[in-house]
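Below is one structure; the comments refer to it alone.
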Amino acid sequence: MTDALLPAAPQPLEKENDGYFRKGCNPLAQTGRSKLQNQRAALNQQILKAVRMRTGAENLLKVATNPKVREQVRLELSFVNSDLQMLKEELEGLNISVGVYQNTEEAFTIPLIPLGLKETKDVDFSVVLKDFILEHYSEDGYLYEDEIADLMDLRQACRTPSRDEAGVELLMTYFIQLGFVESRFFPPTRQMGLLFTWDLAFQNIGIIQRAVQYDSLTGVPVSQQNLLLEKASVLFNTGALYTQIGTRCDRQTQAGLESAIDAFQRAAGVLNYLKETFTHTPSYDMSPAMLSVLVKMMLAQAQESVFEKISLPGIRNEFFMLVKVAQEAAKVGEVYQQLHAAMSQVPVKENIPYSWASLACVKGHHYSALAHYFTAILLIDHQVKPGTDLDHQEKCLSQLYDRMPEGLTPLATLKNDQQRRQLGKSHLRRAMTHHEESVREASLCKKLRSIEVLQKVLCAAQERSRLTYAQHQEDDDLLNLIDAPSVVAKTEQEVDIILPQFSKLTVTDFFQKLGPLSVFSANKRWTPPRSIRFTAEEGDLGFTLRGNAPVQVHFLDPYCSASVAGAREGDYIVSIQLVDCKWLTVSEVMKLLKSFGEDEIEMKVVSLLDSTSSMHNKSATYSVGMQKTYSMICLAIDDDDK
């Protein structure tokens, strides 16, 4: 009978060949970032050495009075600055890493930017958690060795997630598990002595240069005795994994582009969730300003994929099709221009890789050029044929601009071949201006110059616009052409963030044997378990029970056997005759008590030490499944009390 009342323990991991293999983990494959990690480590050391040399030379230059010494120092400074510039370009090349995660199929498409996974060092939970279980829960920590091993195995698996939905689920599972671990073992008032180390997701030369003056930004792995860093980094990696899934999608198929759009929207949702949920920034790459830019970047790449999906079947030289494609291209150009503007703001400008900002600028000009090109084609090639729906065309043309050029109306322009051609050539000239800017910007960045497919796409688009203009160019164009108006940005599929769906995952608390989390948590304190030996007199226990698991002693008769043995009103019953009762309901505990008849019963109970210890600590932290921070909840509680 008693076996059926034991709480269900977490299911053990399946073993294969004496090793743990988790779904979503690929332990035999390194992440793209880990392949670059050794290069980055060596590069960081060279940069730090060069910065120290430059600082020393600058100090010497300030105090030196001998002309020959000053001349020698200036020469040394020029060499050091030259070395730093070269190291900066090398670091930028490692940071963008677009080639590591792109789809391997040959494709004439502009590369997308993925985020690399943050790397971490091993963490041994064993000693700290065992000690806390003994100290706080008054249980033998060695009874939880398997649970601690499961937690450490899960963390290890998360270091090499597979780039698919299974890998995302693995990271989310660990993130939710960390919520349980935080509630069980991390009191808000003390440090647990566990050091978590995670590297920065990307680095900028300026960060490493400032490291000489400020310890907070060293450009090397961040280490903190704070579970917040662990949780935030796992969440960041979840978003980063979505970006890698998106960049690896086959963008030559409709299904692949739809998957890319979904992946980038989910990446934006995870990163936005990280920004909104964690109120204290553990490192600059997860600061609110940086995360806001990363969210914009993911949504821009999703919008770019929408344009590619619409263009994939082919762009027919048909009026309404060209209007639609022109506005879709304008939309992509607009979001990339907004992204570049955000990347150019301090402090993001100092921290974001230069090649990312350059690529955003390139794409902003490239897609703006496409918008003007397609507008030009629909105007130049337009013909009013019998049965043409002029009313619909007039409406579409009027919606293509915020306002028509001075002296022109939509209907008159459609009917007048000369006006249409002149306006179309004006759009071609503006398209060529944007093409020139995109090619020029790409040529200024060493990393972008090395991406062959990018150079081919930009040059091909520029040449197409140039040839089209050459076919229709006339001698008096410089005098007669007007300034083409901007194309209104519009899309049939507005992308938006997709928040992570943690509630869809079923995750079992590894340490559920400790009891229900609502009672047995790190922010509550109890007396050590007390053994109560008593008997039921004529079937009367002398008390009733209340509450869900774990149940509490209620309406205790002060003269009954249990009360005399030391039971108190409100005690939590944790075991009866060595049967764990922490997860049993009132009816199950009562059934167990009555099964002993009038025999002596040994019941172990604990009592809360104070009522205030059960209240939420008023600090900003995260709890799984809650959209608000504790600080927001507590503010609401305070308002209700007033």
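Atom set for the values below is all heavy atoms of this structure, side chains included, hydrogens, waters and symmetry mates excluded. If you read the sequence from its start, that first residue is 1, and numbering goes on from there.
- Between the side chain of Ser561 and the backbone N or O of Thr535 there is at least one donor-acceptor pair closer than 3.5 Å.
- Panel note: side chain Ser259, backbone Ala255; a donor-acceptor pair is recorded below 3.5 Å.
- Put simply, the side chain of Leu291 does not reach to within 4.5 Å of the side chain of Asn272, judged on heavy atoms.
- Among all heavy-atom pairs drawn from Ser531 and Lys604, the shortest one is CA-CG, 4.3 Å.
- In this structure the side chain of Arg184 never reaches within 4.5 angstrom of the side chain of Phe510, judged on heavy atoms.
- Looking at every heavy atom in both residues, Gly256 comes nearest to Cys249 through O-CB, 3.3 Å.
- Atom CG of residue Leu134 and atom OH of residue Tyr137 lie 13.0 Å apart, to the nearest 0.5 angstrom.
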| said: If you apply the rule side-chain contact (heavy atoms from CB on, under 4.5 Å), what do you find for Asp124 with Leu194, and how did you get there? | reply: CA-CA 8 Å; Asp124 188 351; Leu194 285 171; over 6 Å; no

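- At a threshold of 4.0 Å, the pair Glu139-Lys582 counts as salt-bridged, since one of the basic side-chain nitrogens sits closer than that to a carboxylate oxygen.
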| Would Arg568 and Val553 satisfy side-chain contact (heavy atoms from CB on, under 4.5 Å), going step by step from the backbone distance to the final call? | CA-CA 7 Å; Arg568 304 172 190 167; Val553 174; over 6 Å; no

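- Taking CD of Glu169 as the start and CG of Leu241 as the end, the distance is 12.0 Å to the nearest 0.5 Å.
- Between the side chain of Glu135 and the backbone N or O of Ile133 there is no donor-acceptor pair closer than 3.5 Å.
- For the pair Lys118 and Phe236, the distance from NZ or CZ to the six-membered ring centre is under 6.0 Å and the angle to the ring normal is within 45 degrees.
- Considering CG of Leu170 and CG of Leu154, their distance stands at 6.0 Å, rounded to 0.5 Å.
- In this structure, Gln254 contributes its side chain and Lys309 its backbone to a donor-acceptor pair below 3.5 Å.
- Here Arg533 contributes atom CZ and Met603 contributes atom CE; the two are 12.0 Å apart, rounded to the nearest 0.5 Å.
- For Asp131, the CG atom sits in a packed shell: over 12 heavy atoms of surrounding residues, nucleotides or ligands are nearer than 6.0 Å.
- Ring-centre distance between Phe175 and Tyr273: not below the 6.0 Å cut-off.
- A side-chain donor-acceptor contact under 3.5 Å links Arg159 to the backbone of Thr120.
- Taken to the nearest 0.5 Å, the CG atom of Leu171 stands 11.5 Å off from the OG atom of Ser233.
- A salt bridge does not link Glu165 with Lys504: none of the charged nitrogens is closer than 4.0 Å to a carboxylate oxygen.
- Partner Asp571 forms a side chain to side chain contact (heavy atoms under 4.5 Å, CB included) with one of Val605, Val551, Val606 and no other, that one being Val605.
- Listed for the Gln265 side chain is no donor-acceptor partner under 3.5 Å among the backbone atoms of Ala302.
- The number of heavy atoms from other shown groups lying within 6.0 Å of NZ (Lys275) is above 12.
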| task | Check the pair Met297, Leu294 against side-chain contact (heavy atoms from CB on, under 4.5 Å), reporting the backbone distance first and the verdict last. | result | CA-CA 5 Å; Met297 186 167 76; Leu294 295 181; 3.9 Å; yes

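- At a threshold of 4.5 Å between non-hydrogen side-chain atoms, the residues Lys513 and Trp583 do not count as touching.
- The closest side-chain heavy-atom distance from Leu195 to Val123 is not below 4.5 Å.
- For the residue pair Gly597 and Ala536, the shortest heavy atom distance occurs at O-CB, 3.7 Å.
- Within the 3.5 Å criterion, the main-chain N or O of Leu117 finds no donor-acceptor partner in the side chain of Asn237.
- The closest donor-acceptor contact from the side chain of Ser183 to the backbone of Ser521 lies at 3.5 Å or more, if one exists at all.
- Checking side-chain atoms of His136 against main-chain N and O of Lys524 turns up a donor-acceptor pair under 3.5 Å.
- Across Val507 and Gln177, no two heavy atoms sit closer than the pair CG1-NE2, 3.5 Å.
- Using cut-offs of 30° and 60° for the angle between ring planes, the Phe534 and Phe543 rings count as perpendicular.
- Sorted by first then second residue, the ring pair (Phe, Tyr, Trp, His ring centres under 6.0 Å) pairs that include residues 140-164, not counting sequence neighbours, number zero.
- Residues Met298 and Leu115 form a side-chain contact, since some pair of their non-hydrogen atoms from C-beta on lies under 4.5 Å apart.
- Judged by distance alone, with hydrogens and angles left aside, the side-chain atoms of Ser607 form no donor-acceptor pair with the main-chain N or O of Thr527 at under 3.5 Å.
- In terms of heavy atoms, Gln244 sits closest to Pro114 at CG-CB, 4.2 Å.
- Nearest heavy-atom pair, Phe520 versus Gly515, reported as atom, atom and distance to 0.1 Å: CD1-CA, 3.6 Å.
- The aromatic ring centres of Phe125 and Phe185 sit 6.0 Å or more apart.
- Between Leu229 and Met286, the closest side-chain pair of non-hydrogen atoms falls below 4.5 Å.
- Here Thr160 contributes atom OG1 and Glu119 contributes atom CD; the two are 9.5 Å apart, rounded to the nearest 0.5 Å.
- Using a 4.5 Å heavy-atom cutoff, the side chains of Tyr174 and Leu151 are in contact.
- Looking at heavy atoms from C-beta onward, Ser223 lies out of side-chain contact with Lys121 at the 4.5 angstrom threshold.
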| task | Evaluate the side-chain contact (heavy atoms from CB on, under 4.5 Å) criterion for residues Ile148 and Phe511: first the C-alpha distance (whole Å), next the side-chain angles of each, then the deciding distance (0.1 Å), finally the verdict. | result | CA-CA 8 Å; Ile148 295 172; Phe511 299 93; 3.8 Å; yes

